[in-house]
Amino acid sequence: MSLERLRELIEIKAARLAIVGMGYVGLPVACAFADAGFEVLGVDIQAERVARVNAGICPIGGREPGLQELLGKVVNAGRLRATDSYGGLKDYNVVFIMVETPVDETHMPNYATLQSALHSLGPVMQPGALVIVESTLAPGTMDNVVRPTLEAASGGRAGVKFYLGHCPERVMPGRLLTNLKRMERVVGGMTPEVAEVMRVLYRHIVTAPLHPTDCLTAELVKTTENAYRDVQIAFANEIALICEAVGGDVWQVRDLVNRSPGRHMLLPGAGVGGHCIPKDPWLLAHGACRRVPVRLIPAARAVNDGMPSHMLGLVERVLQRLGKRLEEASVLILGYAYLEDSDDTRNSPAVVLAQLLRQRGVRVVIHDPYVPGYAGDVYALAEGCDVAVLVTAHSDYRELDWKRLPPLVDGRGVAAHWTARVGVGESYAS
Ligand code: SAJ
């Protein structure tokens, strides 16, 4: 099929769309395109996830406003169905790839899932199909990994047998559908003509501006925007450590700094979690291919990754004042998710802190109103605990009666009554 013909089919919503990966990125996109009027096939290797989608039951956790309703609507309308087989993809004009692209313990990209999807797609792909990768990629991956893998698997060449594009996702747990519709997107095409077809396609579900560009730029934008945020957070954390060391209060310092034009210091905290920020800077650094001395990105990662152990230090100092050794203490962690008002615990600093405490023999009690298994009466859980540590500033915690809790180490500067606070250190007043 020619690109022109594909564009015509897309414009009248007659193009058939397939989405590989029915996770927190793929599922909302599948629902949005189906709701826009396209016939959509979801592909996922997890049979249980496929069954839930076909039953109209949302397979991803968390509070995602509107997603369950939309899924039920489009499945009942027969516009979205799911399968664990790639075989049907020969009938689909556009194939989105939305699978995980993690980094390993040496911070190298792990593209095993991506390559597996490409190897499965290649042999069955419709001639002239447009393949769009939304997964976050190290700069250069589309040209050096995706293209050659798909050419080998399909026996054809990019631009002849298929077309390639990269439109990095910009999802946010808790706001999947809203972000999808309202956030600007970079649509990177292997050629300007492909980028234009992608723009026409995404216009069906995105109301915000769409920015056509090339694949490399799209890879750079996504990894840069998250590396930028990681460095910003690391700066706030380093200022917090300095303030503690010299007896300052980072929360007051931050407030006054941000009154200076053009300053937007972010929030110090107990660490940086989630599915994007801890990973994407490493993808960007990898893309630099050691051609430049990447120093700031690893340094920022080290600062942020060091915050859970800094919190351990604050806990230890409070316990010392109470005359308690770590190994005989009980500590209550407030907030296990990585993000306030979320149930997502991926790469959560609280998980790291709990491990560090347990390694030192501490009895750890965890409360989190959003994470299944950790909700419940926080005051009851606090019984018998020597110290509480606020790691994630869930809205629910802003109403706590702190006097009913043990001495608090406040990891986000939000508690009204605390004994130690990140960016301040110990308070001898309380
Ligand atoms: N964090 C801080 N201080 C801050 C901001 C965040 O310590 O000032 C911590 C959070 O507690 C969390 C981690 O960093 O543990 C990540 O928080 P986040 O607000 O960046 O939320 P994420 O990880 O969901 O990031 C997503 C990203 N979106 C996409 O990748 C599409 C990121 O690019 C967005 O900037 C971010 O949402 C956002 O702005 O909400």
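Counting convention: from 1, in listed order, for ligands and their atoms alike. The residues of the chain are indexed from 1 along the displayed sequence.
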Chi angles and distances behind the side-chain hydrogen bond (donor to acceptor under 3.5 Å, both in side chains) call for His394, Tyr336: CA-CA 10 Å; His394 291 309; Tyr336 205 51; over 6 Å; no

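In this structure, the side chain of Thr224 engages the main chain of Leu220 through a donor-acceptor pair within 3.5 Å. Side-chain atoms of Asp104 come within 3.5 Å of backbone N or O of Met108 as a donor-acceptor pair.
For ligand 1, the 4.0 Å heavy-atom shell contains residues Glu169, Arg170, Val171, Met172, Pro173, Arg175, Lys222, Asn226, Arg229, Ile233, Leu266, Leu267, Gly271, Val272, Gly273, His275, Cys276, Ile277, Tyr338, Leu339, Arg412.
Between Glu327 and Arg360 there is no salt bridge, since none of the side-chain N atoms of the basic residue sits less than 4.0 Å from a carboxylate O of the acidic one. Under 4.0 Å is where a charged nitrogen must lie from a carboxylate oxygen, and between Arg301 and Asp230 at least one such pair does.
With Val362 as the partner, the side-chain contact (heavy atoms from CB on, under 4.5 Å) test is satisfied by one option alone out of Leu312, Leu326, Val387: Leu326.
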